[in-house]
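These notes are about the structure you will find just below.
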Amino acid sequence: MARAQLQADLSVDLTSGRIVKDSSAECPRGHVANNTRIRLARALARRYGLPDAANPGNGRKDQGRRMAGLLLADRAAVRRALRTAIDVAVLSLAYGAAFLLRFDGELPLQMVKRMVFTWPYVVLLELGALYMFAVPRFVWAYVGLREATRMLWAVLLAAVVLLGARFLSAWAKPWSGYVEYALVPIGVIVANTLFAFLGVAGVRVARRLFNESRAARQRPRVQSVPTLLVGAGRAGVMVAKEIASHPDVPFEVVGFLDDDPGKAGLTVHGVPVLGRTLDLVEAARATGASQAVITMTEARGDVMRGILALCKDAGVRAKVIPGVYQILDESVNLSRIRDVSIEDLLGREPVELDTELVRSFLQGKRVAVTGAGGSIGSELCRQVARFAPSELVLVEQAEYPLFMIQQELLRDFPPLAIAPVVCDICDSARVESVFRKCRPQIVFHAAAHKHVPMMELNPGEAVKNNVFGTCKVADAADRFGSEAFVLISTDKAVNPTSIMGATKRVAEMYIQSLSQVSTTQYVAVRFGNVLGSTGSVVPIFKAQISEGRPVTVTHPEMQRYFMTIPEASQLVMQAAAMGHGGQIFVLDMGTPVRIVDLARELIRLSGFEPDVDIPIQFTGIRPGEKLFEEIAFDAEKMDRTQHQKIFIGRLSPVGMDEVRRRLVLLETCTSAASADQVREALQQVVPEMRRSMAPALERPEPERAGELPASPVPVAAVS
């Protein structure tokens, strides 16, 4: 029917297969209808494999493409047939070898008959089992342990069927003499199972080895760096395996170092274990290693510093693989191996996520992240994307950071629906429009002004963005029925001395009061500084060191709690999934770190000696700063949750009417109000707000040889 219609409409000569006339040829040349008909005719001709008479060249090209496709299809069919023939040959040889082994190479005539009689059935059974486990679909060049496991299950299934047939035949032998020919000896079945597995897996492994050796010969030779791997655990073995499978990587693993006495003298993935970590200097001299890669993903800060000191004594360069925060897919990307950073020396313990709880919270949901281009916001986007939301809405005022995180997510999570939205959270109409269009079910509110001294100089902007911007987003979440709203707060909201900290406390108060009258679950998550954020002191220190300038620290006793950005983001998701509305979650920040010790370690990591090559200067505490950050109010009772690093601080929420009355006091402070006016208004809204009681900077004493704490410490950025 289709060919007849095609011939009628296009006047197709079915003998030659050419379009000889278009029924719409009466249309003037260039007429829209005529052009449309021509395009349709050519599309139909291509569909039915017919060349176009109007353009014979296209017909020849189409014919060439069809012939090429047929040749490729034939080639693939031949390849599949050849592989099946190889499997049949291997299974046949395995079956014959099993009989020879069982009877020591001297087969009785009766056994020869049984072998010949049962051979086609056994081979077909085993071949069917291989197809059942999709073994023929495996690419031989990439066969591995997972594929070998499937092959083993296939031959075991065939063996079970053969054993069943063996016992069934023995039972039926009295009723039929021919059944005797089906009595395959049990020893033959066992040996055949072993030989079949070794044969089927062996030919595939041989093909893989051949391909890899050929590829290695074809790759350009690179100068390899003799490398020691410090840590022969799971991560170390993964690194050794990746290096071995990538000859073009300029690493040559010459040995492992591991403190497990049971591994001493052994070989792990073809690499010898040369001794303990303390033997690094001797091992480097014996092997000529010029580089050491630390492959212990959960090493404490003091252990990392000790290994770094040994590397310095041995004259080898120290590198490290990413921690468990980054190795989330059970694989190691060799391009991620990097120099040791300050995060490694702080030695935070890895976060253990309740992945099922977080997945049930995020999977298939429309999730919005405000401040998506910032340090915390962008990492939240990366972490949320791992749990397959139905859509990820990126809300950001600055277009370039928004573009960068959008491109990264498109590259790393191609199936994910991403909606980049340029939006100022202080613009009520724009926020309303975004929520009406996107209808986010989960909202992570990370947009905020966070830099303490900068907000002291621009107090009205802190109130406008951190307080009223938060109110606008939180109200929109309520109006458009979001399931959960998560406010990213700060430890500076505890007994705040800064305008920034006080505005974040007001934001906490607002969402707590809103949770009492809304079906949306509003929670806040408090934590300290994050290393690597845009407000972090670490980039400032690094710039000062690279330029050879003195490193400036505000006070010798200045301390801060620290976290890594990935750790903070993961704990935020965990706390959000646990929330039921109205809670203020407080993250375990570990032990506080002296900023001067942080500066010293960064100087050493850069290859200099503090106070010798690079001096440290103390500049005095800035407005709004504290010497020590606090974790919770005295009035709060810190309740434990099921997660060891998350606590709940329960302050009695203030009623919505009272909160709105207090916010009226701040409405006049969003324009040109002075810092004193803003501070006075904030003190009326936040009674626990204090004036900065930081001591004046005295003459700096010669610093003791300060070290970062030996215990695991959180990581973060200092405002």
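Computed over heavy atoms, backbone and side chain alike; hydrogens, waters and symmetry mates excluded.
- Side chain of N465 to backbone of E461: no donor-acceptor contact under 3.5 angstrom is found.
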Inset, instruction - Check the pair V367 / Q441 against side-chain contact (heavy atoms from CB on, under 4.5 Å), numbers first and verdict last. - result: CA-CA 6 Å; V367 181; Q441 295 165 280; over 6 Å; no
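- No side-chain heavy atom of E667 sits under 4.5 Å from any side-chain heavy atom of L663.
- A heavy-atom distance below 4.5 Å is found between the side chains of F435 and V443.
- In the displayed structure, R146 atom CZ is contacted under 6.0 Å by at most 12 heavy atoms of other residues, nucleotides or ligands.
- Annotation: side chain of I425 is not in contact with side chain of R430 (no heavy-atom distance under 4.5 Å).
- Annotation: the span from T520 atom OG1 to I511 atom CD1 amounts to 11.5 Å, rounded to 0.5 Å.
- Remark: side-chain polar atoms of S498 are paired, donor with acceptor, to backbone N or O of G501 under 3.5 angstrom.
- A search for side chain to side chain donor-acceptor pair (under 3.5 Å) contacts involving T370 returns H445, not counting sequence neighbours.
- By the 4.5 Å heavy-atom criterion applied to side chains, M500 and H451 are not counted as neighbours.
- Annotation: side chain of L394 is in contact with side chain of I418 (closest heavy-atom distance under 4.5 Å).
- Atom CH2 of W140 has more than 12 heavy atoms from other residues, nucleotides or ligands within 6.0 Å.
- Sorted by first and then second residue, the side-chain hydrogen bond (donor to acceptor under 3.5 Å, both in side chains) pairs involving residues 358-367 (not counting sequence neighbours) are E356-R359, K365-E483.
- Checked options R526, E508, K504; the residue passing with S489 is E508 (criterion: side-chain hydrogen bond (donor to acceptor under 3.5 Å, both in side chains)).
- The two residues P496 and A502 make their nearest non-hydrogen contact at CB-N, 3.5 Å.
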Inset, instruction - Give the C-alpha distance, both sets of side-chain angles, the deciding distance and a yes or no for side-chain contact (heavy atoms from CB on, under 4.5 Å) between Q383 and R386. - result: CA-CA 5 Å; Q383 299 289 348; R386 292 172 45 218; 2.8 Å; yes
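- For the pair Q583 (side chain) and G581 (backbone), a donor-acceptor distance under 3.5 Å is present.
- Using modelled atom types, one side-chain atom of S515 and one backbone atom of Q512 make a donor-acceptor pair closer than 3.5 Å.
- Within the 3.5 Å criterion, the main-chain N or O of G655 finds no donor-acceptor partner in the side chain of S513.
- Between L416 atom CG and E391 atom CD the span is 8.5 Å, to the nearest 0.5 Å.
- Judged by distance alone, with hydrogens and angles left aside, the side-chain atoms of S482 form no donor-acceptor pair with the main-chain N or O of A484 at under 3.5 Å.
- Using a 4.5 Å heavy-atom cutoff, the side chains of M304 and I294 are in contact.
- For A575, the side-chain contact (heavy atoms from CB on, under 4.5 Å) partners at least two apart in sequence or on another chain are V525, F585, I646.
- Qualifying salt bridge (Lys or Arg N to Asp or Glu O under 4.0 Å) partners for R382, counting only residues two or more places apart in sequence or in other chains: E379, E408.
- Contact annotation: the side chain of D478 approaches that of Y522 to within less than 4.5 Å [non-hydrogen atoms, C-beta and beyond].
- Residue R479 places its CZ atom among more than 12 non-hydrogen atoms of other residues, nucleotides or ligands, all under 6.0 Å distant.
- The line from OG1 of T503 to NZ of K464 is 13.5 Å long, rounded to the nearest 0.5 Å.
- Panel note: side chain N466, backbone H449; a donor-acceptor pair is recorded below 3.5 Å.
- Residues passing the side-chain contact (heavy atoms from CB on, under 4.5 Å) test with R208, sequence neighbours excluded: V143, E212.
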Inset, instruction - Show your reasoning for whether side-chain contact (heavy atoms from CB on, under 4.5 Å) applies to F387 and M573. - result: CA-CA 11 Å; F387 292 94; M573 293 191 305; 3.8 Å; yes
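- Here the straight-line distance linking atom CG of L380 with atom CZ of F444 works out to 6.0 Å at 0.5 Å rounding.
- One distance of note links OG of S378 with CD of E396; it measures 9.5 Å at 0.5 Å rounding.
- Of the inter-residue distances, the one linking L392 atom CG with F413 atom CZ reads 9.5 Å to the nearest 0.5 angstrom.
- When all heavy atoms of C381 and I405 are compared, the pair lying nearest together is CB-CG1, 4.4 Å.
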Inset, instruction - Determine, step by step, whether V523 and I584 satisfy the side-chain contact (heavy atoms from CB on, under 4.5 Å) criterion, reporting the C-alpha distance in whole Å, the side-chain angles of both residues, the deciding distance to 0.1 Å, and the verdict. - result: CA-CA 6 Å; V523 299; I584 296 179; over 6 Å; no
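- Not counting sequence neighbours, F361 has no partner by the ring-ring contact (aromatic ring centres under 6.0 Å, His included) test.
- Between the side chain of R662 and the main chain of V685, a donor-acceptor pair closer than 3.5 Å is present.
- With contacts defined as side-chain heavy-atom distances shorter than 4.5 Å, the pair F468/T470 does not qualify.
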